Number of protein chains: 2
Amino acid sequence: MEQDIFRALADPTRRTIFEKLAAGGMNASALREGMAISQPAMSQHLAVLRQAGLVREERQGRFINYEVDPDGLALIAHWLAKYRAYWPARIDALKDLLRDMDQ
Amino acid sequence: MEQDIFRALADPTRRTIFEKLAAGGMNASALREGMAISQPAMSQHLAVLRQAGLVREERQGRFINYEVDPDGLALIAHWLAKYRAYWPARIDALKDLLRDMDQ
DNA sequence: ACGTCAGATAAGTGTATGCTTATGTTTATT
DNA sequence: AATAAACATAAGCATACACTTATCTGACGT
């Protein structure tokens, strides 16, 4: 849901978590390192991100590996595409990126 | 600021307002039509969207014309581009769109 | 100058949200 | 079986947020 996505990303702590996961999947304890956040808080944030489709989890024995879920990003991209008429022409990075994807 | 953008879009009413403006600039009274929202509420929402760089205003006599500010969308596009590695390959609409822009 | 209209701002209120501490649940280790 | 580790859930609390009513500001028409 669009609502869940934007609500999830409205919190700076959750954006930080998401950013960390984008650099590579890891478990909740690893995510907490250097973050001054309690274990329950992290768990709650991950639940929100998961509900939004931005993060998915995979049990690995006693650990749970969290990683970026492309579905969430796709929803944002889709939302953004609706307003393409207003994108400034100078977003060249985006063009380059999609040129890469075409190969 | 990234924070302002996501916070602004987290509210469904503000997304509706933004969507309406994307179809064409208009003043606050016109925006309220068919929206069951008070005048102060609309004014406050527009202030948040403006602060986020998603909307800009232009005085026209007694009216103020509000319209989509491309700068805000550019910020989102920039944020999204950071996670391009995770975009699913099937976002074809986006590819088509940028192919259009290249012409 | 006066009233009116478009919109902003102020102050108050209920609810949502992010945190805390405490406890539950699941899996591995011994 | 018992303990410990990784994480989830529950309950309570303080703050943020979106709304309301009331008032203010600025621009126009007469």
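Below, chains carry the letters A, B, ... as their sequence lines are ordered, and counting in each starts from 1. Only a predicted model underlies this, so the values are computations on that prediction, with no experimental measurement involved.
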note: F63(A), atom CZ; dA8(D), atom C1'; distance rounded to Å ~ 16 Å
With five pairs defining each end axis, the helix from dA1(C)-dT30(D) to dT30(C)-dA1(D) comes out bent, to 10°, by 20°
Could you check whether the rings of F6(B) and F6(A) sit parallel, tilted or perpendicular, using 30° and 60° as the cut-offs? tilted
Short side-chain N/O contact from Y66(B) to OP1 or OP2 of dA8(C), under 4.0 Å = yes
CZ (R50(A)) with more than 12 external heavy atoms under 6.0 Å
no
The reported gap from CG in L9(B) to CG in L49(B) (rounded to nearest 0.5 angstrom) is 7.0 Å
Taken to the nearest whole Å, CE/M26(B) to P/dA6(C) is 16 Å
Here the gap from E57(A) atom CD to D69(A) atom CG, rounded to the nearest 0.5 Å, amounts to 11.0 Å
Rounded to whole Å, the CG-C1' distance (N27(B) to dG7(C)) equals 10 Å
R50(A) atom CZ is separated from dT9(D) atom P, nearest whole Å, by 9 Å
Rounding to 0.5 Å, atoms CE (M42(A)) and CG (N27(A)) come to a distance of 10.0 Å
One should read off an interatomic distance between I17(A) CD1 and T13(A) OG1, to the nearest 0.5 angstrom, of 6.5 Å
Going 5' to 3' through nucleotides 19-30 of chain C and flagging B where a protein heavy-atom sits under 4.0 Å of the base, S where only the sugar-phosphate is that close, and - otherwise, we get BBBB----BS--
R32(B) meets the salt bridge (charged side-chain N to carboxylate O under 4.0 Å, His left out) criterion, sequence neighbours left out, with none
Taken to the nearest whole Å, CD/E57(B) to P/dA8(C) is 6 Å
Taken to the nearest whole Å, CE/M35(B) to P/dA18(D) is 13 Å
>> Once you apply a heavy-atom cut-off of 4.0 Å, does S43(A) come out as touching a base, just sugar-phosphate, or nothing?
In response: base
Nearest heavy-atom contact between L54(B) and F18(B) is O-CE1, 3.3 Å
Whole-Å distance, I17(B) CD1 to dA18(D) C1', equals 12 Å
Quick one: does any side-chain atom of R14(B) pair with a main-chain N or O of A8(B) as donor and acceptor, under 3.5 Å?
yes
Separation of dA18(D) atom P from M42(B) atom CE, nearest Å, is 14 Å
